[in-house]
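Fair warning: this is a prediction, and the values are worked out from it, not measured in the lab.
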Amino acid sequence: MAYSDKTISPSNINYTSKDFSTIKADLIQYTKAYFPDTYKDFNETSPGMMLIELTSYVGDVLSYYIDYNYKESLLTTATERKNVIRLAEFLGYKTTPVTPSVVRLTVTTDISAAGGKPDYGTLNSDLFEKTVDNGMQVASSENSSVIFETLGEIDFNISGSPDTPLPEIIGRDASGIATDYRLTRYVNAISGETKTKSFTITSPTKFLELDLGETNVVEILDVRDSSNAKYYEVDYLAQDRILKEIHYSNDPDRVTGYSDPTLPLTGDGSNSEVTVDVSVPYTLEYIKTNKKFVRKVDPQTNNTKLQFGNGLYKFNISGSSSAGLFSTIEQQGMNVSGIPSTMINAALNNLTTNNSLNLGETPANTILTVTYRVGGGANSNAQAGEITNVKNTSESIVVTNLDPASGGTNGETITEIKENAKTFFASQLRCVTREDYAARILNLPAKFGNIAKAQVVRLNDISGLKIYLLSYDARRRLTQTPQLVMNNLRMYLEQFRMINDALDFGFETPNGNLFSGYKINFGVYFT
């Protein structure tokens, strides 16, 4: 075997030198130590010193970028916006290119009276509909380019907010009987305008990305293909359940916002219309669908993009996927070690025949129509009483804002992105303590049921939680929370509760009624 008895002496290379001057000094010492007879001219103008300084320059630049790359790989030390955005996305936090201004609008309308009481029947006349759809535009009286769109329906027949005032008498006859009333409703609005853009999709592309070409997209409102099939926005493509809200007008089991199909039929069972004292315009339910997408913001251009899944289908002429025409799917799950191949193959066959796509399908041979809202920014903030010009409705209503419109910014700063990402990663939007659950319960939007009071009690088995609730009725009195509202709350809390927490909403009384919470009525007699 070949060998060498040559001894290797330790090198005097200093690996801690990083900047130009220290690298240059080290190279000079290295040259003097190892090449004493080869080079002796260390004058600053000599060709050898030129080579030493050029080498020091390259070493200084390389050291800088090595340190810079490491610094930019950590969220706490990163300074470039694109890097901070990517690191925040790694923690699950998605940034927004622009923040819209939000405001609560006061909407009023006048109706006549019948027998001294408000005649709600006049709301259903040919001149006036009982509901003003969401998306109503109201412009600023000071700056017509600042436009707000409502985020919910304005239904004058029901109470859509827990602090809806009672009808106000604005006219009386000679005998003092009320002849006219004024109804007031509140609705949240957001700064921005709705736009639509269409994309023609031909051959299928895995993880297809569509660029809207807009830098001030506030939210995605709707995505549909040529066959009117809806695509749903999700937080991540592997999300298998989507929370969907249903207005009572689209629910065959409900007639009004006070209908509760969960209650037993009244009388002999012929009347299925059972009402409650609490208005519930919307109900919640979970659906499973492969038509889904995620919204992304390009760190380079700040444009908003939509990304779809990787499932491949065959499509019919209309462009809609069909289970009967299903051809192939490459997302099959993962092989588990120690499991026989026959079981794995059986699982794959079931997965294929069930037409399940873990990451959703990708559209092909269709036209996607994307409806989205643009706007926001610091210029969208408005003073109180400024948002009054109704643009796209013919209803006889008066709109104003009693409070200023605020919250509009030109996107999050680097520091805000860092802090929000750390907060998001720490909480994961989960309810851990009783206080977390109470805060989430009271945060349920009023359109799913007006919850006035909530108490959460942890049971002896640690993982069980008893939830007591009280709601507001149309006259703003405390009342028992209907089961329909509790169903909405249960659906709402599913996305926030810990996996080992069991939630119990009230209990049944001996007569079969659902009891949601305790209330004590008291008053003071005085003269």
Side-chain angles (χ1 to χ4, degrees), residues 85 94-107 131-154 160-161 185-199 210-224 230-235 245 247 282 293-298 301-306 368-393 395 397 399-413 416-417 420 445 447:
I85 291 176
K94 295 183 179 180
T95 59
T96 54
V98 65
T99 304
S101 177
V102 294
V103 68
R104 190 178 75 158
L105 299 179
T106 302
V107 185
T131 302
V132 180
D133 292 335
N134 60 345
M136 181 184 71
Q137 293 183 347
V138 188
S140 167
S141 59
E142 302 294 331
N143 184 0
S144 59
S145 62
V146 177
I147 298 176
F148 285 76
E149 291 187 343
T150 57
L151 298 179
E153 288 83 0
I154 306 171
S161 176
R185 296 293 180 264
Y186 300 115
V187 63
N188 292 327
I190 188 172
S191 60
E193 293 183 78
T194 299
K195 288 187 176 182
T196 301
K197 192 169 186 178
S198 297
F199 298 88
L210 301 179
D211 192 345
L212 295 178
E214 301 272 5
T215 60
N216 59 341
V217 176
V218 175
E219 60 180 329
I220 305 298
L221 300 177
D222 189 70
V223 177
R224 295 183 183 271
K230 179 180 176 63
Y231 283 78
Y232 295 88
E233 183 177 357
V234 293
D235 295 327
E245 57 185 48
H247 192 256
Y282 286 88
F293 67 92
V294 293
R295 178 160 55 107
K296 302 171 60 177
V297 177
D298 192 316
T301 63
N302 215 31
N303 287 352
T304 297
K305 296 182 177 181
L306 308 185
L368 281 183
T369 302
V370 182
T371 305
Y372 56 97
R373 182 178 285 121
V374 298
N379 295 330
S380 64
N381 298 322
Q383 298 295 325
E386 182 178 330
I387 309 171
T388 56
N389 297 334
V390 181
K391 297 177 64 68
N392 61 342
T393 182
E395 309 293 358
I397 58 177
V399 180
T400 187
N401 59 312
L402 301 180
D403 300 317
S406 59
T409 64
N410 297 325
E412 299 173 279
T413 64
E416 288 173 340
I417 295 175
N420 290 334
K447 61 183 179 180

So which atom in [X] and which in [Y] form the shortest heavy-atom distance, rounded to 0.1 Å?
X	Y	answer
G376	S191	CA-OG, 3.4 Å
Y231	F293	O-CE2, 3.6 Å
V103	A405	CB-CB, 3.7 Å
D211	K305	OD2-CE, 3.7 Å
T413	E416	N-OE1, 2.9 Å
A139	K391	CB-CD, 3.8 Å

May I ask you to decide if [Y]'s main-chain N or O and [X]'s side chain share a donor-acceptor pair within less than 3.5 Å?
X	Y	answer
S101	S406	yes
K94	D235	yes
N381	G408	yes
T215	N303	no
N401	L105	no

Separation between [atom1] of [X] and [atom2] of [Y], rounded to the nearest 0.5 Å:
X	Y	atom1	atom2	value
K447	N134	NZ	CG	8.0 Å
I387	I147	CD1	CD1	11.5 Å
T196	Y372	OG1	OH	7.5 Å
E149	Q137	CD	CD	4.5 Å
K197	T369	NZ	OG1	12.5 Å

Heavy-atom distance under 4.5 Å between the side chains of [X] and [Y], does that happen here?
X	Y	value
E219	L221	yes
I417	I85	yes
L212	I220	yes
I190	N188	no
T96	E412	yes
V294	V234	yes
E233	R295	yes
M136	V399	yes

Legend entry - Other residues, nucleotides, ligands: >12 heavy atoms within 6.0 Å of N379 CG: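 Incorrect, the count does not exceed 12.
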Legend entry - Short side-chain donor-acceptor distance under 3.5 Å, T304 and E214: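 Per modelled atom types, E214 and T304 side chains form no pair under 3.5 Å.
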Inset, instruction - Could you check V374, N216, V297 and say which one makes a side-chain contact (heavy atoms from CB on, under 4.5 Å) with V98? - result: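 Among V374, N216, V297, the one that satisfies the side-chain contact (heavy atoms from CB on, under 4.5 Å) with V98 is N216.
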